[in-house]
Amino acid sequence: MSRYNAKATEAKWQKIWETGKTFQTDSSSDKQKYYVLEMFPYPSGRIHVGHVRNYTMGDVVARYRRAQGYEVLHPMGWDAFGMPAENAAMERKVHPADWTYDNIANMRQQLKHVGLAVDWDREIATCDPAYYGKEQQIFIDFYNAGLVYRKESWVNWDPVDNTVLANEQVIDGKGWRSGAEVERRQLSQWFLKITDFADELLDGLDTLDRWPDKVRLMQENWIGRSEGLKFDFIVDQTGEKLPVYTTRPDTIFGASFCAISADHPVAVALAKDNPELAAFCEECRSGGTTEEAIEKAEKRGFDTGLTVAHPFNSAWKLPVYIANFVLMDYGTGAIFACPAGDQRDLDFARKYDLPVLPIVLPEGEAADAYSIGDEAFTGTGTMYNSRFLDGMDIHAAKAAVIDRAEADGWGERMVNFRLRDWGVSRQRYWGTPIPFVHCEACGVVPVKADDLPVELPDDVSFDTPGNPLEHHPTWKNTDCPSCGQPARRETDTMDTFVDSSWYFMRFCTPDADAPFDSKVVDEWMPVNQYIGGVEHAILHLLYARFFTRALKKVGRTSVEEPFEGLFTQGMVNHVTYKDSSGEWVFPEDVRKRDDGTLITSKTGLVVSEGRVEKMSKSKRNVVDPDDIIDQYGADTARWFVLSDSPPERDLLWTEAGIEGAWRFVQRIYRMVETPSAPLAGVGAAMPGELSEGATALRKATHKTIKGVTSDIENLHFNKAVARLYEFANAISSTSEGAGAAETLREATEALIMMIGPMMPHLAEEMWAKLGHQTLVANTPWPQVIEALTIDSTVKMAVQINGKVRDTIEVAKDMDKADVEALALARPNIMKFTEGNTVRKVIVVPGRIVNIVAN
RNA sequence: GCCCCUGUGGCGGAACUGGUAGACGCGCGGGAUUCAAAAUCCCGUUCCCUUAUGGGAGUGUCGGUUCGAUUCCGACCGGGGGCACCA
């Protein structure tokens, strides 16, 4: 018996697809368009199993949609800028460009072996001047629209990578990549005004009904909209205004002090001639978040000696403290504190012995007996000790205070966001140069459109720490685009998240002179199905949504939301292995001895199996997709990553699992090579009369088509796989008599067409073996005959007091009364009803009969 | 601390809107084929009692609603994720 040769077969079909331009996308086609996109990879050098899973899912969708008659756009590119290229340059003396392009070449080859239905003619790399030059053009557009600005600001400085990190790149006070303790420095930075779109980005979430709720919720929290009252205290000593923001204006009569941030202008001014106070502010600033975590328990402050008057009673004075828990960049950097209603305020008040007056009475408490201990009451209740608010619930009180403030003119309703502007400056070489020039006379001037792209210089050195562009002898010297005098180029480059904020549009017209051709983009966009890792739930996806809106604002597109459907797939996990010396061991080096114990083939040491964890190089619990594809073929790998686990959940990679997938590949091959019974010829007509077995197979065929179709529509690939296994079992059990050969052909062809999106090479090979001259890739999806998916009889369970005691097979439309009579007459049932009284019989047609008897 | 998700055999996981729990795969046990092995095929496989038949228990725990709960409600326990001095 011959065996399926995956390697040779897969190479053959990949060649045929490539030379036939099978997956080339035609934007001018009049078919309905479908854009499926997986998050493009960073060219690290080699693909990993996570990539295989991600791109296989996208590929199933792409191939399925093609079969459904859509014109499909399924492109691939490279998120090619970023720090690892510079690290490689420093460590191995290779140029970042060479390193990156070598990696791209490798990974392209690897991905091609996976057999993706990708239009490779549209491939882009963000480090290509043809790409980043357009990005510079967009950046200047944004600048002209007032969406780009420079600001002196505190930044997170990574002392190891010598770069500025975004807030979100700082994890537990450490750089996300280097792991180094982050410092705070003040630098002039470029910012994108994402906060201009805070409301829109929030409201837009409601329209994204094909996004996971989890991701929408995370974005909602990230944007962090709150409503409250903004009003000015007047500092008694100076007459200065001190604006504060609160979301709890209802607690105004519980106010006991006012707290400002160490970075607040008032604090900064006082620090000038108060060394003690200055030292305190410095302490608040230093240390970063990690140390904050240490002193988290402790709320500390510094009494400025200043006082402010309560807005409802000018004789009521509140002391002004500098407090370490007040942030300058949220709200106004100053608060009024109500210790009874806020834990931080309460901790602070207890420490500095400030008044704590309860103003919200929890339900069930008596006003004269209630007091606050060391726990603030943040719940709902009834206002008291609060003059005109007394008796209201907190919501009514909130509104009442704001209304009064607005009527009396001392405050106003304010909406505040947690979201901050996006700092895009990076002091690095391997990124998109920010296309601006600093001129002594003209200030900051954008580079002229004709002079774009501002290209990175090739001859750079990484010997000194810091930004190589800054060190370059000539690159930054240029002439001012405005006055022509000698000037200096901006040496900051952009955050790589900028690159990935519009690549999906570039894919629509990868060769356009403009960043993209908006007419074509408007036809393809939004992306119908976007697939990627949940780790991008906030940053990348929020930035891309912002960019799309900003591009609309500058008139480059009319698209609102970039991604109509979003799917976030789970990680790929694997057990870990350690040898007796404590070293991590690669799975491929583990051997099982006859007695069941494990050893490494390298050293012979005994190996123990550890926890299942996300595949990572450091723990060596990785498998190389190349090895798998070499041994079993891409189809086997594709089938395995689709089976078993729901796609949004983590997948456990096992040797046994991949073996199982490989067995199924062989089984399909045998089913076609040596079918269980003779097959009818290609296109043979279905006879009018079918034997019982043939009818059953035919029904199974159409039920399976129906099920698999809806499974793929819903991205339930694991269920589609299970159904196909089941169907293969059905085909294997031989049927005889009239129509056996015809139904077997119909079933086998349906099976091959349905595995097409998942195991495309095997499908093509089997399709050809079945006598077809065409490609499965160009064959329409099999049609369901609905009538064949409906059974005329139905099996119903018969329960007594909720326990199943029997099953009956009845006509689908049988009368309730008849069903009941039939059920009660069953011997098994009579055995239980005998001697008892039947109290009640519930008949749910097509489902169940429940007899209540006692 | 706050918010969200999740818990089903030895394992990954099925189960439409409350209606036969455990589909399908893996693993395991038994058998066939083979000189033998690999590969393949067949049968069994939630647990407990039982010779089969049959019965009892069972979807993290404890309660509730219901003729009927993996599904709905409440409390608790375990696992995962997000945010974190956001006023």
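Each chain gets a letter, A, B and so on, in the order the sequences are listed, and its residues count up from 1.
- Straight-line distance between the P atoms of B/A75 and B/C5: roughly 14 Å, to the nearest whole Å.
- Within 4.0 Å of A/V852, counting heavy atoms only, lie sugar-phosphate atoms of the nucleic acid but no base atom.
- Using a cutoff of 4.0 Å between basic side-chain nitrogens and carboxylate oxygens, A/K703 and A/D791 are scored as salt-bridged.
- Residue-level contact check: A/N718 touches the backbone only, with heavy atoms under 4.0 Å from sugar-phosphate atoms and none from bases.
- Nearer the 5' end of RNA chain B, as judged by each residue's closest nucleotide, is the contact made by A/Q799, out of A/T247 and A/Q799.
- Take A/D711 and apply the salt bridge (Lys or Arg N to Asp or Glu O under 4.0 Å) test, not counting sequence neighbours, and it matches A/R723.
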Contact list (N/O, under 3.5 angstrom) for nucleotides 55-59 of chain B vs protein:
from  : atom 1 : to     : atom 2 : distance (Å)
B/G56 : OP1    : A/R805 : NH2    : 3.4
B/G56 : OP2    : A/R805 : NH1    : 3.1
B/A57 : OP2    : A/K803 : NZ     : 3.0

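- Residue A/K719 places no side-chain atom within donor-acceptor reach of the base of B/C24, judged by atom type and a 3.5 Å distance cut-off alone.
- Closest approach of A/A750 and A/T701 over heavy atoms only: CB-CG2, 3.8 Å.
- Here the P atom of nucleotide B/A87 and the CG atom of A/L242 are 18 Å apart, to the nearest Å.
- Across all strands, A/Q343 comes closer than 4.0 Å to no nucleic acid atom at all (heavy-atom distances).
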Please write out the pairs of protein N or O atoms and N or O atoms of nucleotides 45-51 of chain B separated by less than 3.5 Å, giving the distance to one decimal.
none

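- Qualifying salt bridge (Lys or Arg N to Asp or Glu O under 4.0 Å) partners for A/R545, counting only residues two or more places apart in sequence or in other chains: A/E561.
- Within the nucleic acid shown, A/V841 has no heavy atom closer than 4.0 Å to any nucleic acid atom.
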Atom pairs under 3.5 Å: protein N/O with N/O of nucleotides 2-12 of chain B:
from  : atom 1 : to     : atom 2 : distance (Å)
B/G12 : O2'    : A/S645 : OG     : 3.0
B/G12 : N2     : A/D644 : OD1    : 3.2

Name the atoms and distances for all side-chain donor-acceptor pairs under 3.5 Å in residues 640-648 of chain A, with sequence neighbours left out.
from   : atom 1 : to     : atom 2 : distance (Å)
A/S643 : OG     : A/W639 : O      : 3.1
A/S643 : OG     : A/F640 : O      : 3.0
A/S645 : OG     : A/D650 : O      : 3.4

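- B/C28 and B/C73: their C1' atoms are spaced 41 Å apart (whole Å).
- As a whole-Å value, the separation of A/K795 NZ from B/A21 P is 13 Å.
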